[in-house]
Asks: 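To start, I am sharing the structure in question, which I have written as structure tokens.
Below, read A as the first sequence line, B as the second, and so on, with proteins coming before strands; counting in each chain starts at 1. This structure is a prediction, so every number in the text was calculated from the model and none was measured.
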Protein chains: 2
Amino acid sequence: MTSIKDIARLAGVSPSTVSRVLNEREYVRAEVRQRVLDIVKEKGYVQNHVARSMVLRRSFTIGVVIPYLFNMFQRQLFASMEFFLEQHGYKTQFFFLRWSDSSEQAFLRRLKGETLDGIIFIHELDNPEIYQYIQERSLPVALCTFEKREFGFPAVHIDEEASAELAVDYLIQRGHHSIGCITGEHFSFGRQREDGYKRALAAHGISYSPELTVRVPSYNPEAGRTGMLSLIRQKQPLSAVFAATDELAIGAIKALCESGLKVPEDVSVIGLDDIDISAFTTPGLTTVRQPIFEMGKKSADLVCEWIARDHIQEKVESFTTTIVERESVRTLH
Amino acid sequence: MTSIKDIARLAGVSPSTVSRVLNEREYVRAEVRQRVLDIVKEKGYVQNHVARSMVLRRSFTIGVVIPYLFNMFQRQLFASMEFFLEQHGYKTQFFFLRWSDSSEQAFLRRLKGETLDGIIFIHELDNPEIYQYIQERSLPVALCTFEKREFGFPAVHIDEEASAELAVDYLIQRGHHSIGCITGEHFSFGRQREDGYKRALAAHGISYSPELTVRVPSYNPEAGRTGMLSLIRQKQPLSAVFAATDELAIGAIKALCESGLKVPEDVSVIGLDDIDISAFTTPGLTTVRQPIFEMGKKSADLVCEWIARDHIQEKVESFTTTIVERESVRTLH
DNA sequence: TCCCTAGATGAAAACCTTTTCAGAAGCTAT
DNA sequence: ATAGCTTCTGAAAAGGTTTTCATCTAGGGA
């Protein structure tokens, strides 16, 4: 591997000068600059990133923390982040976390050893130690899809409760009164979306019956399927279902179909997220759209701004959500 | 940040000794070891990875090259790789490549600057320079889902042609004779799967009509949808469609549905890949299963073996594929 | 002529580790 | 007592950069 010293020797200058050329510092004669540049090109030399990181004590790398089995929503989010972080001149280092304490511990250890310039969380952690460590080290950070009031970190998210209410309200407007809810037991957004469901019912004077809400252990289609199956099995009549995520909704539709019930003729289904695939289910999924791309961009912008300015005014960015009408909801009467 | 020197000072020993303790070298008194360990724990010290990489000239990091807009198949593949690479004690560094020459150039530059211990490609590159560079540097590498005979790199893949033939044969066995094909224009596997389609027809003496094959610019549902739409528009009758990937198949089903045609009653659809979501479409997608998880594992194993043994016997691992029967194919007669 | 300044360059230190080499201390065998 | 092992430890070099500080040159003003 050719190093800066080799280039220096070949150009008949010192390593310092080569470094100055490479980093576009002033104080180097045009003629010398050109000679160095020529040799760099000829030798195909590029700076060694590891050595550079060490001396500069920054790595031009932003960490992104995401669940190991990230869902399609998170996948779109992180593609967006990676895109904009690259635009800002940063590399992205992903940390795939299992949902366990040991995984979070391992992550904390790695975080201490790694030289990250900033970090974005797409995944709410249980272990407060990690947030504390980040705060002490005043490592630039942004939270995406959730917030942590007690730490005052910048965050981008939607109003989970209002978005769920929007979905359920949409069903009620179309004449539905007996509405089921499938949500997850983990993470704050699951509870918040359930709260939104209740609020919508209350706002229209519909009584809440607990049997119509089911909490499943995860947010994927398989969980949605089993959730819907148990909703079908219970006694109460049901004309529509609110699924806390699109993936749950996709599983719910599958379960209905398997049970010989038609969507939306027999049961209407509405989701929340608007992931790419929701436009391609049959029937197309009516859902509430999160501006995924913009949220990813904003998260990237926030960390980069923090790094550039060396501080950030406490800032929580709340994005608005909108109904996307497709074919999975039927209008009654 | 506390460094090895701080620990050494506090323990009243030299940095060398601390290093020996940390790396579990022999020749350090049990009593000294314990004292150092205690202080390490107390201070929460962890080795600085950047400095360590520099002196060891290895980073314990494997690069994974994947398209920027990776599909669900690739997503499952890389989750599997990340999992097994971690088991082998390696971190994973992703490189998301756009489908452009400049993106490949930028990647090559980065590759030269980065200190990677190995690299896995889930994405076939056009630029041979990159493969050449890897070969010259004798960087441990594995190809996944394709191969490059001329470089003799280890590779894991399926027999694309045979798998497509399997799918189309399945349709023919069920009485279908007028079978459409939706495939992509890019990447070798698209052409190979098309060849498999043709081979199946030929094997059963069914004449090949070019109007029944459409090539779309990408492999996602939207492309599948437009492909199917143009297949519907043409004159030839059609009782079944082979889509070169599951995502294409999902889009095809959508298009049929939009056009008032029922799957499988009016038209049967078969895919290839067996991605997670294919179990949750309505109707469930009949498809050909690639053992995605195992392929990811094998790729990880191959690079790690190369690194460990410092060489590898030329090795191409071909996985077998199997039909997964769901509801999207109807038996005629 | 002399001094001062600005521009250009290089030597050396620093970043944080690991590893080599040499030396010290405590044994055992002669 | 000496030589020769083992076991343990520290000093110093190395890895590839950037940056500080010092030096040198040339040009301008007094």
Asks: Using whole Å, what does the distance between atom P of nucleotide D:dT19 and atom CD of A:Q47 come to?
Replies: 11 Å
Asks: Do B:H186 and B:W99 have ring centroids that are under 6.0 Å from one another?
Replies: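 Yes, ring centres under 6.0 Å apart.
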Asks: Would you indicate whether B:E150, at its atom CD, is surrounded by more than 12 heavy atoms from other residues, nucleotides or ligands within a distance under 6.0 Å?
Replies: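 Buried by this count: over 12 neighbours within 6.0 Å.
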Asks: Tell me the interatomic distance from B:L56, atom CG, to C:dC16, atom P, rounded to whole angstroms.
Replies: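 So the two atoms are 16 Å apart, to the nearest Å.
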Asks: Is B:E31 salt-bridged to B:R33, cutoff N-O under 4.0 Å?
Replies: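 No, B:E31 and B:R33 are not salt-bridged.
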Asks: What integer distance in Å separates A:E114:CD from C:dT17:P?
Replies: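 After rounding, the gap between these two atoms is 13 Å.
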Asks: NA contact type, A:R33, heavy-atom cut-off 4.0 Å: base, sugar-phosphate, or nothing?
Replies: nothing
Asks: Quick one: list whatever passes side chain to side chain contact (heavy atoms under 4.5 Å, CB included) with A:R25, sequence neighbours left out.
Replies: A:R20, A:N23
Asks: Do you know which of B:R110, B:E104, B:K112 makes side-chain contact (heavy atoms from CB on, under 4.5 Å) with B:L108?
Replies: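 That would be B:K112.
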Asks: Classify the nucleic acid contact of A:S19 as base, sugar-phosphate or nothing, counting any heavy atom under 4.0 Å across all strands shown.
Replies: base
Asks: Output the rounded distance in Å from CD (A:E24) to C1' (D:dT18).
Replies: 15 Å
Asks: C:dT18 C1' sits how many Å from B:R58 CZ, rounded?
Replies: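 So the two atoms are 14 Å apart, to the nearest Å.
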Asks: Aromatic contact between B:H123 and B:F95, with the criterion being ring centroids under 6.0 Å apart: yes or no?
Replies: no
Asks: Nearest-Å distance, CZ (B:R9) to P (C:dT17)?
Replies: 13 Å
Asks: Whole Å only: how far is the NE2 atom of B:H49 from the P atom of C:dT18?
Replies: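 Atom-to-atom, B:H49 to C:dT18, this comes out as 10 Å.
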Asks: Measure from CE on A:M1 to P on D:dG16 and round the result to the nearest Å.
Replies: 10 Å
Asks: Ring centroids only, cut at 6.0 angstrom: are B:F121 and B:Y131 within range, meaning strictly under it?
Replies: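 That pair passes the under 6.0 Å test.
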Asks: Nucleotide by nucleotide, 5' to 3', does protein get under 4.0 Å of the base (B), only the sugar-phosphate (S), or neither (-) in nucleotides 6-15 of chain D, counting heavy atoms?
Replies: -SSBBBB--B
Asks: Phosphate oxygens OP1/OP2 of C:dT18: is one of them under 4.0 Å from a side-chain N or O of B:N23?
Replies: yes
